[in-house]
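Working notes, beginning with the structure itself.
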Amino acid sequence: MSRFSNVIQRKGTRSVKWDYAEHLYQDKKILPMWVADMDFQAPQEVIDSLKQRVEHGIFGYTMPDEEIKRSIIDWIAKRHQWNIETDWITYSPGVIPSLHMIVQALTEEQDNILIQTPVYPPFYSVIKEHQRNVVKNSLIYSEGMYSIDFEDFENQIVKNNVKMFILCNPHNPVGRVWKEEELKKMGEICVKHNVIIASDEIHADLILDEHKHIPVASLSNQLNNQTVTCYSPTKTFNLAGLQASYIVTSNKEKRESIKKNFDKQGMHMLNTLGLTAMENAYIHGEEWLEELLETIQGNRDFAAEQFKKHTDLIKAVPLEGTYLLWLDCRSLNLSQAELKSFMQKQAKVGLNDGVSFGEEGKGFMRMNLAAPQEIIEDGVQRIVDAVRQKTTS
């Protein structure tokens with residue numbers, strides 16, 4: 001497990017997480033636990049494949065071939081029991097660019113698009129920046145768990161004549177891995193009302209304990225036809241800077257519309273090294289991933305136990321998938337501005353502001369657990385110490 005326990009210096013590498021944190025939080029002593037990338041090196045096989053490709057020394061135009069497609073198909077079949085076909089795959093530099101393209105290609109200006117809040121902030125921008133309208137189906141938070149308000153889900157679709165639903169599975173930031181019955185129920189409603197599903201499944205491989213990721217498109221032929229699914233190895237194997245992702249679409253008409261939109265933007269191919277990393281991660285990265293998941297589970301359990309043991313004012317929402325821990329800080333009785341200031345100035349940790357995920361995130365913060373335990377222990381202890389000081393002063 002040493003590859004997940006070594007603290008590697010990332011400052012000075014133009015790291016958004018570490019080098020930008022000082023600018024963002026205006027404090028050199030901030031411990032960054034915010035943006036969703038890991039403080040772990042990629043699998044050695046990926047690093048070696050990149051070195052070999054770099055040593056070749058020629059970086060001309062590169063096309064994905066059948067071998068790369070086969071690595072994707074085999075990975076999804078083995079990890080998620082979904083058999084996709086080679087012509088269903090469209091390449092993209094990232095899931096967020098994919099969502100922008102999907103919204104533009106498959107909806108019209110002033111169309112209404114449904115999201116489940118609180119949710120990853122770019123979901124709002126991929127709708128609003130293209131003159132579409134956000135419709136919310138707020139998740140229900142009760143007794144420390146999040147669930148779906150299915151009655152409201154359908155009511156919002158009918159009332160607002162919703163054209164598209166952007167699904168987040170596993171859900172960021174609340175950490176739910178949606179169960180089969182939940183996905184089927186949402187899917188049936190979308191099929192009933194002819195709502196396109198754009199499913200962001202970038203965290204599909206980061207599933208904890210005995211939970212199971214199920215691609216919504218795999219549940220029926222109707223849902224497969226209705227759904228456009230976004231995947232990437234970048235979250236799984238910490239490759240975000242290499243910009244490699246893909247869209248899976250069985251519906252030929254939808255797929256061609258999306259490809260046409262990529263063509264309009266002059267986006268025809270992926271980064272040479274991104275393709276190399278993606279293929280080798282999918283072929284050689286499974287053992288590394290299993291060790292990673294054990295590390296994340298350990299970090300999650302440590303953080304939750306420490307908060308429970310040392311303060312009843314911060315509660316860790318149960319984390320089923322992703323490496324992003326959603327913290328319920330409402331018992332601190334602080335405004336959101338005060339909560340942000342408390343974490344930044346008193347605790348000296350850089351977390352994501354809960355309200356950035358929507359108004360439903362008021363009183364919450366998001367913590368990145370994808371770091372060596374030494375860093376997690378430091379961050380949790382800083383928060384615990386700050387809470388103790390606050391309650392005793």
Side-chain angles (χ1 to χ4, degrees), residues 36 42 46 49-50 61-106 120 122 126 166-170 196-206 213-218 224-286 289:
V46 173
S49 71
L50 290 170
Y61 300 120
T62 306
M63 64 178 185
D65 57 15
E66 291 303 311
E67 291 181 1
I68 291 178
K69 286 187 177 181
R70 176 50 54 188
S71 72
I72 293 170
I73 289 167
D74 290 348
W75 182 265
I76 291 177
K78 184 173 184 180
R79 299 295 297 190
H80 308 303
Q81 292 71 59
W82 184 26
N83 296 314
I84 68 170
E85 299 179 13
T86 56
D87 62 355
W88 296 3
I89 299 170
T90 303
Y91 296 97
S92 166
V95 166
I96 296 308
S98 294
L99 289 174
H100 277 281
M101 295 297 177
I102 290 164
V103 166
Q104 290 180 80
L106 303 182
Y120 184 45
V126 301
I166 305 180
L167 170 65
C168 193
N169 182 34
I196 297 167
I197 301 172
S199 188
D200 175 356
E201 301 186 13
I202 194 171
H203 292 100
D205 301 318
L206 299 167
H213 173 76
I214 301 170
V216 66
S218 71
N224 196 14
N225 189 59
Q226 198 82 357
T227 303
V228 179
T229 308
C230 300
Y231 283 117
S232 175
T234 56
K235 283 288 185 285
T236 308
F237 298 104
N238 205 27
L239 305 172
L242 293 178
Q243 298 182 317
S245 78
Y246 52 96
I247 303 167
V248 178
T249 327
S250 67
N251 184 300
K252 184 178 180 181
E253 183 180 351
K254 291 183 175 67
R255 185 169 65 246
E256 289 182 349
S257 293
I258 294 166
K259 284 182 176 179
K260 188 178 293 185
N261 220 54
F262 274 107
D263 290 342
K264 284 181 181 178
Q265 306 302 321
M267 298 170 68
H268 304 294
M269 61 186 63
L270 292 189
N271 180 296
T272 301
L273 298 183
L275 285 171
T276 301
M278 177 161 61
E279 179 184 21
N280 284 277
Y282 281 156
I283 293 173
H284 303 293
E286 192 163 34
L289 174 58

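These numbers come from a predicted model, not from an experiment. For this chain, numbers begin at 1 and follow the sequence in order.
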Legend entry - Check: Glu201 and Pro215 side chains under 4.5 Å, non-hydrogen atoms: yes

Legend entry - Separation of Tyr231 OH from Ile89 CD1 (nearest 0.5 Å): 11.0 Å

Legend entry - Heavy-atom pair with the smallest gap, counting every atom of Pro93 and Phe262: CD-CE2, 4.4 Å

Inset, instruction - Please answer whether the main-chain N or O of Asn225 pairs with a side-chain N or O of Asn251 as donor and acceptor at a distance below 3.5 Å. - result: yes

Inset, instruction - Could you please spell out the steps behind the side chain to side chain contact (heavy atoms under 4.5 Å, CB included) verdict for Ile102 and Ile166? - result: CA-CA 10 Å; Ile102 290 164; Ile166 305 180; over 6 Å; no

Inset, instruction - Kindly state whether the ring of Phe237 and the ring of Trp75 have centres lying under 6.0 angstrom apart. - result: yes

Inset, instruction - Taking all non-hydrogen atoms of both residues into account, name the closest pair between Thr86 and Lys69 and its distance. - result: O-NZ, 3.6 Å

Legend entry - Cys230 side, atom SG; Asp200 side, atom CG - distance, nearest 0.5 Å: 6.0 Å

Legend entry - Shortest non-hydrogen separation from Leu270 to Ser245 and the atoms involved: CD1-O, 4.0 Å

Legend entry - Check: Asp65 side chain, Ile68 main-chain N or O, donor-acceptor pair, under 3.5 Å: yes

Legend entry - Approximate separation, where rounding is to 0.5 Å, of His100 NE2 and Asn261 CG: 11.5 Å

Inset, instruction - State, to 0.1 Å, how close Pro170 and His213 come at their nearest heavy-atom pair, and which atoms those are. - result: CD-ND1, 3.9 Å

Legend entry - Atom of Ala244, atom of Thr234 and distance for their closest heavy-atom approach: O-CG2, 3.4 Å

Legend entry - Glu279 side chain near Leu275 side chain, heavy-atom distance below 4.5 Å: no

Legend entry - Close side-chain approach of Val216 and Gln226, heavy atoms under 4.5 Å: no

Inset, instruction - Indicate yes or no: at least one non-hydrogen side-chain atom of Met278 is less than 4.5 angstrom from one of Ile72. - result: yes

Legend entry - Close side-chain approach of Ile258 and Ser92, heavy atoms under 4.5 Å: no

Inset, instruction - Kindly compute the distance separating CG (Leu206) from NZ (Lys235), expressed to the nearest 0.5 Å. - result: 9.5 Å

Inset, instruction - Could you go through the side chain to side chain contact (heavy atoms under 4.5 Å, CB included) check for Asp87 and Lys252 one step at a time? - result: CA-CA 9 Å; Asp87 62 355; Lys252 184 178 180 181; over 6 Å; no

Legend entry - CE (Met269) with more than 12 external heavy atoms under 6.0 Å: yes

Inset, instruction - Before giving the answer on side-chain hydrogen bond (donor to acceptor under 3.5 Å, both in side chains), spell out for Thr62 and Thr272 the whole-Å C-alpha distance, their side-chain angles and the decisive distance to 0.1 Å. - result: CA-CA 6 Å; Thr62 306; Thr272 301; 2.6 Å; yes

Inset, instruction - Answer yes or no: is there a side-chain heavy-atom contact under 4.5 Å between Leu289 and Arg79? - result: yes

Inset, instruction - Name all residues meeting the side chain to side chain contact (heavy atoms under 4.5 Å, CB included) criterion together with Ala217; count only those two or more places apart in sequence or in a different chain, and write none if there are none. - result: Trp82, Asn224, Thr227, Thr229

Legend entry - Straight-line distance of Arg255 CZ to Leu106 CG, nearest 0.5 Å: 12.0 Å

Inset, instruction - With sequence neighbours left out, write down each residue that passes salt bridge (Lys or Arg N to Asp or Glu O under 4.0 Å) with Lys78, or none if nothing qualifies. - result: Glu286

Legend entry - Closest non-hydrogen atom pair between Val248 and Ile76, with its separation: CG2-CD1, 4.5 Å

Inset, instruction - Starting at OG1 of Thr249, measure out to CD1 of Ile196 and round the result to the nearest 0.5 Å. - result: 11.0 Å

